[in-house]
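Every chain is numbered from 1 and lettered A, B, ... according to where its sequence line falls, protein lines coming before strand lines. Fair warning: this is a prediction, and the values are worked out from it, not measured in the lab.
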Amino acid sequence: MKNRAYRIAVHIVPRAGLLDPQGNTITGALHSLGFKHVRSVHVGRHIVIETEAPDALQAEASVQQMCEKLLANPVTEDFEITSAVPL
Amino acid sequence: MKNRAYRIAVHIVPRAGLLDPQGNTITGALHSLGFKHVRSVHVGRHIVIETEAPDALQAEASVQQMCEKLLANPVTEDFEITSAVPL
Amino acid sequence: MKFGIVTFPGSNCDYDAYRAVVDELGAEATYLWHKTEDLEGVDVVVLPGGFSYGDYLRAGAIARFSPIMREVVAHAGRGGPVLAICNGFQIACEAGLLPGALVRNAGMRFVSEAVYLSVENEGTMFTSQYEKDAVLRIPIAHGEGRYVADATTLARLEDNGQVVFRYCDAGGSATGEANPNGSMRGIAGIVSAEGNVLGMMPHPERAVDSLLGPADGKLLFESLLARVAV
Amino acid sequence: MSKVAPRPGDPRITPALVAEHGLNEDEFRRLVDMLGREPTFTELGIISALWSEHCSYKHSRALLKTLPTEGPQVLQGPGENAGVVSVGDGLAVAFKIESHNHPSAVEPYQGAATGAGGILRDVFTMGARPIAMLNSLRFGSLDSARVRYLFAGVVKGIGDYGNCVGIPTVAGEIVFDDAYETNPLVNAMCVGVMKESELITAKAEGIGNPIIAVGARTGRDGIHGASFASEDLSEASDAKRPRVQVGDPFTEKLLLEASLELIRSGHIVAIQDMGAAGLTSSSAEMAERGEVGVTIDVSKVPVREQGMTPYEILLSESQERMLVVAKRGHEDDVAAILTRWDLTAAVIGEVIAEPVYRVTEGATVVAEFPGSRLVTDCPRYSPEARESDEIVRLRATDVTTIPELPEEKDPLWTLERMLSSPTIASKAWAYRQYDSTVRTNTVIGPGGDAAVLRLRGSNRAIAVKTDCNGRYVYLSPRNGAQAAVCEAARNVACTGARPLAITNCLNFGNPRRPENYFQLSEAIAGIGEACRAMDTPVTGGNVSLYNESPSGAVYPTPVIGMLGLIDDIAHVTRSTWSMDDDVIILLGELLGEVVGGARSGLGGSEYLSRIHGVVAGEPPPCHPVLERDVINALLECIREGHVHSAHDCSDGGLAVALAECAMANQDRPVGAEINLAAWSDVALREVLYNEAQGRIIITVPESSLGRVAAIAVGHRVPPMMIGRVRSASRDLVIETAPGRTLVAPLDRLAAAYHGAIPAIMDGSAESAAVLEQAAVTTV
Ligand SMILES: Nc1ncnc2c1ncn2[C@@H]1O[C@H](COP(=O)(O)OP(=O)(O)O)[C@@H](O)[C@H]1O
Ligand SMILES: [Mg+2]
């Protein structure tokens with residue numbers, strides 16, 4: 001079976017409940033810039049992967065593995081994978 | 001007019017054509033872990049903002065401003081704003 | 001007794017550890033290249049500081065897959081001593097040699113300065129030569145040194161005496177102000193449950209020569225030497 | 001010569017295109033004359049880079065020739081990637097400073113990071129292992145949001161790069177002044193050590209030897225960076241944003257290790273960084289130094305992007321790349337070393353006998369120059385020099401008539417206000433972000449007068465520091481440049497080091513304006529005079545012109561990077577007080593030497609600028625010969641073991657220097673009793689804040705007093721006992737007139753000095769933006 005290329009985005013976010021200094025710092029900075037209506041900010045990683053696979057499902061499965069093995073730290077992070085988009 | 005709360009996610013990515021050392025290094029690591037089909041990886045930030053606004057459009061407009069003023073580096077990054085989700 | 005100092009591609013304190021062991025302790029040391037799978041019969045493995053793979057993604061995340069890490073894990077499994085400093089600590093956590101994780105400093109900035117540490121457990125093979133409750137002055141230099149773990153893990157670490165070093169002030173009190181990176185419970189260094197893997201963010205290998213400042217790190221290395229001498 | 005035809009798709013050479021490449025009509029005629037035909041687009045690009053100010057030094061070369069460059073200590077003077085001096089015991093030190101001003105103005109984080117990367121490569125390509133980095137920075141006032149963003153970004157860029165490569169950043173300076181508002185100065189210096197025998201130069205040699213591109217792949221970044229660095233900063237620069245280069249410190253670390261291994265391996269004959277104007281300038285310079293021809297095939301260069309043209313490949317300023325000339329037949333050995341470090345190497349050309357500089361794309365020749373003329377035909381300019389009337393007027397201002405502010409009735413107010421001036425205040429906010437202790441050589445890190453690094457395998461140490469007071473140079477260029485050399489020398493001497501040699505970075509405005517060229521030529525003359533008196537030859541440096549913004553040129557800022565040598569590590573001396581009851585002595589005249597009737601007043605002082613917002617008056621006269629006497633006196637006292645601390649007086653004068661001695665060391669503030677009543681006939685502000693040159697505060701034990709006085713007098717230096725250290729006291733007490741004292745609590749001084757910059761930066765939105773945007777790792 002022939003492979004084709006897919007693009008998949010992954011969001012890796014700090015586990016809820018962990019102190020989020022980055023989010024807090026940005027919230028503070030936004031307030032001081034006049035964005036008073038901001039309630040909260042959370043920052044994670046947005047990783048865009050282009051990979052080849054026989055189909056979208058297998059592309060996603062392989063990205064799931066990448067997250068488990070390398071991209072996310074299971075102690076501190078959660079991840080979510082968006083659907084594969086054919087290129 | 002009464003404000004309500006929205007959640008908006010922003011994706012900030014390194015501008016195309018610029019060197020992406022982080023993406024390159026992760027690509028290399030994924031290859032050596034056996035994910036040979038990976039073509040490229042780009043790492044950006046995934047920022048989730050909760051803010052109040054009269055309506056979704058204005059919430060998005062204000063997040064657009066936040067990106068321009070603070071969140072994204074205008075010289076090296078592009079950003080994209082997802083639709084506001086009422087909370 | 002022989003120290004094996006692992007060199008990952010972006011290690012940069014491997015040299016400091018080597019010089020500390022050889023010049024200041026008069027012990028034997030060798031560099032171990034990360035692509036090899038041979039520990040060359042060393043007694044103590046040092047995972048040194050630095051930026052193993054540029055610390056891209058997360059500090060230590062990629063290095064733990066280096067070929068040599070399998071051997072290091074096996075060595076630790078046999079009860080062999082592993083001294084994991086700074087980036088080494090991050091790698092050890094990523095590799096599961098130690099519980100918890102090291103994330104970005106609470107102040108978000110890289111912090112380079114000399115801090116005070118209290119020795120919380122002088123009964124380990126790394127701290128036997130220190131006095132009880134000793135206060136040490138040792139440099140830190142890191143951007144991702146905030147130790148985090150879940151509540152159960154933290155409780156277990158405390159109960160088992162696995163918290164070996166805590167950030168403190170000059171008088172030995174672990175105040176919030178003395179904590180340079182927001183680590184939970186001011187934790188600066190922990191040992192594994194078996195006591196043979198020490199991970200710490202401060203750099204004892206930079207504190208062995210009084211020409212450069214207090215030599216409070218020297219006893220850590222001497223503790224290891226004393227253990228094998230027994 | 002080969003036939004060179006335009007490449008299909010290349011733009012036509014029009015006057016507009018030529019102008020866009022920064023060539024004037026005369027320069028274009030020279031080019032056509034050299035080639036004997038119209039250039040191709042690729043050739044125009046090459047020349048535009050090579051004849052840019054940044055690469056060709058066309059406005060400064062004649063002036064630079066006047067600098068002293070020789071001495072028994074000099075192993076390699078200007079002209080190579082870095083200067084090299086012998087420091088004894090078979091060891092040599094390579095050091096160099098370079099600017100990255102314009103890239104940092106556009107993108108502070110990457111601009112500063114790649115600046116640090118570039119200067120590191122300059123040092124390790126000499127065969128030296130980098131052991132320390134310094135940085136000299138100028139920004140506008142921190143009141144401006146943009147300036148806070150630039151400051152935060154530059155500091156983080158320097159830190160992240162140096163920290164990752166593992167080279168300690170140990171010293172520098174940071175000055176804030178409106179003159180640098182939109183055009184900050186970012187100068188980075190690197191210092192490396194090697195055995196004398198390991199010195200290698202970047203001279204292409206050996207006909208038939210392969211030319212190898214090493215390190216990162218070539219992308220489209222920074223194309224035309226060199227000519228960009230040679231233009232005024234204007235609105236138009238904003239449109240040039242895609243030119244920014246991104247640094248990759250991890251690859252740099254690999255390149256550093258691989259390059260040193262290559263150099264020691266004996267497989268190569270030359271190595272050179274691909275810096276400004278990338279492959280073009282590195283290959284042309286190597287050929288020129290070796291007086292050989294080269295041929296480069298751009299199709300063999302490893303690229304990062306598809307469809308790159310020869311023009312783009314030649315002019316790319318992608319970072320972390322090296323050009324190597326290997327010995328023929330050793331290509332595989334070279335490749336093996338690089339592979340071990342996960343780097344690539346590609347043979348892209350050859351050293352040839354024919355005296356041409358030739359570029360091919362496969363078999364097609366796309367550019368060719370008569371090699372020897374590429375450099376010799378470069379235009380040289382000595383434009384008109386004329387001092388600006390306005391500056392003459394400013395200098396003639398009688399600043400003694402400026403009335404005191406009502407607040408100054410309280411002298412503690414003035415002292416606190418001085419100490420909290422961001423230019424004077426502690427820079428720990430910045431250098432706490434720099435790993436200063438990695439490699440375990442740092443005997444004195446940031447916070448001392450100069451940094452001191454031990455030399456392993458020897459009982460010696462080196463001291464390094466950068467200095468320049470741009471305000472002095474602005475008001476009086478020749479004198480100010482001398483003062484920069486002397487301050488740097490004094491700073492290294494205060495640690496116990498004998499000044500040995502300098503590198504310099506000349507940051508000036510557009511040289512085609514007569515008032516700017518005047519400043520440049522006077523400043524270079526001043527550096528030369530001071531270096532001759534101090535016996536510190538110039539071993540290299542960098543010229544950065546066109547530092548202008550819509551509001552005018554920056555202060556002329558010739559930053560001096562000084563290297564000093566400490567023969568015996570036991571002589572290392574610190575700047576802060578420690579021993580109770582030590583006698584505090586001022587070496588040098590409190591009000592400056594009276595030479596030719598001129599005495600130092602408050603002209604050009606930080607006091608006038610900070611308290612009164614005035615930049616005017618005659619800056620303190622600098623007398624390099626007297627400075628040398630003071631330094632010699634100090635060093636003799638240190639060598640005989642009398643000196644417990646030494647600190648020079650510079651910005652902010654005596655009062656600021658005394659306060660620093662007392663509380664700069666936060667771990668251990670130490671009080672003192674000072675008696676200045678003997679000067680009560682002089683205005684107090686002049687006594688406390690005049691910036692007379694040639695002054696050093698030392699502390700010695702009572703028992704050394706007689707000997708120290710004798711040594712000083714032997715060097716024609718007046719030693720003045722001005723007080724005593726009181727280590728139990730929590731105050732700095734200064735008797736300003738009989739019966740009148742200024743009691744300055746140390747905790748208040750410390751709060752002003754240590755708290756000023758954090759109070760502005762921590763929690764500022766710009767600082768947050770930098771931390772967020774520059775996050776390599778975001779959790
Ligand atoms: N950008 C910087 N990087 C590292 N160290 C710095 C920097 N700026 C200032 N320092 C350090 O802070 C101290 C004070 O610097 P400076 O005010 O220039 O001293 P001086 O007035 O004696 O020349 C020095 O130790 C200097 O090396
Ligand atoms: Mg000084």
Side-chain angles (χ1 to χ4, degrees), chain A residues 6-33 35 38-53 59-82 84, chain C residues 8 52-66 69-70 87 89-111 142-154 156-157 176 179-187 190 192 199:
Chain A
Y6 295 91
R7 174 180 297 138
I8 300 184
V10 179
H11 299 143
I12 298 176
V13 292
R15 182 145 309 154
L18 270 183
L19 175 70
D20 180 5
Q22 188 166 5
N24 296 342
T25 306
I26 296 170
T27 309
L30 288 172
H31 286 171
S32 76
L33 288 176
F35 299 101
V38 172
R39 283 186 179 177
S40 75
V41 178
H42 290 282
V43 184
R45 287 195 194 85
H46 172 73
I47 304 186
V48 181
I49 300 169
E50 292 188 12
T51 190
E52 290 167 16
E60 289 164 17
S62 119
V63 168
Q64 168 91 21
Q65 277 186 16
M66 295 178 204
C67 287
E68 285 165 2
K69 257 192 125 163
L70 178 74
L71 300 178
N73 182 341
V75 181
T76 53
E77 297 172 324
D78 294 317
F79 63 88
E80 132 204 325
I81 296 173
T82 63
Chain C
F8 297 99
S52 43
Y53 278 84
D55 281 7
Y56 298 141
L57 189 61
R58 292 184 311 276
I62 300 178
R64 78 151 159 125
F65 295 106
S66 278
M69 281 306 291
R70 257 193 309 273
N87 194 230
F89 187 10
Q90 295 159 339
I91 295 168
C93 287
E94 287 280 344
L97 284 171
L98 290 168
L102 293 147
V103 298
R104 200 155 182 217
N105 293 347
M108 310 227 311
R109 291 197 183 83
F110 192 95
V111 179
H142 59 248
E144 290 175 64
R146 176 161 59 105
Y147 183 75
V148 296
D150 58 44
T152 332
T153 307
L154 286 174
R156 200 179 60 233
L157 290 175
N179 182 341
N181 55 26
S183 286
M184 288 178 164
R185 307 201 185 196
I187 289 175
I190 56 172
S192 58

Exercise for the section: Evaluate the criterion side chain to side chain contact (heavy atoms under 4.5 Å, CB included) for residue pair C:Leu57 and A:Arg45; output intermediate values, then yes/no. Expected result: CA-CA 9 Å; C:Leu57 189 61; A:Arg45 287 195 194 85; 4.2 Å; yes
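The salt bridge (Lys or Arg N to Asp or Glu O under 4.0 Å) search around A:Glu52 returns B:Arg39, not counting sequence neighbours. Residues passing the ring pair (Phe, Tyr, Trp, His ring centres under 6.0 Å) test with C:Phe110: none are found, sequence neighbours excluded. Residues forming a salt bridge (Lys or Arg N to Asp or Glu O under 4.0 Å) with C:Arg64 (at least two apart in sequence, or on another chain): none.
The distance from the CD atom of C:Gln90 to the CG atom of A:Asn73 is 11.0 Å, given to the nearest 0.5 Å.
For the side-chain contact (heavy atoms from CB on, under 4.5 Å) with A:Thr76, the qualifying choice from C:Asp150, C:Val148, C:Leu102 is C:Val148, the only one to do so.
Of the possible polar contacts, none joining the C:Arg104 side chain to the A:Asp20 backbone as a donor-acceptor pair under 3.5 Å is found.
The shortest non-hydrogen separation linking A:Leu18 to C:Met184 is CD2-CE, 4.1 Å. Here the closest heavy-atom approach between residue A:Leu71 and residue C:Arg58 is recorded as O-NH1, 2.8 Å. Across every non-hydrogen atom of A:Pro21 and C:Arg146, the tightest pair is CD-NH2, 3.4 Å.
Counting heavy atoms of neighbouring residues, nucleotides and ligands inside a 6.0 Å radius, atom CZ of A:Arg7 does not exceed 12 of them.
Residues of residues 93-100 of chain C that come within less than 4.5 angstrom of chain A, heavy atom to heavy atom, are C:Glu94, C:Gly100 in numerical order.
Contacts between A:Ile47 and chain C at a heavy-atom distance below 4.5 Å involve the side chain alone, from C-beta outward.
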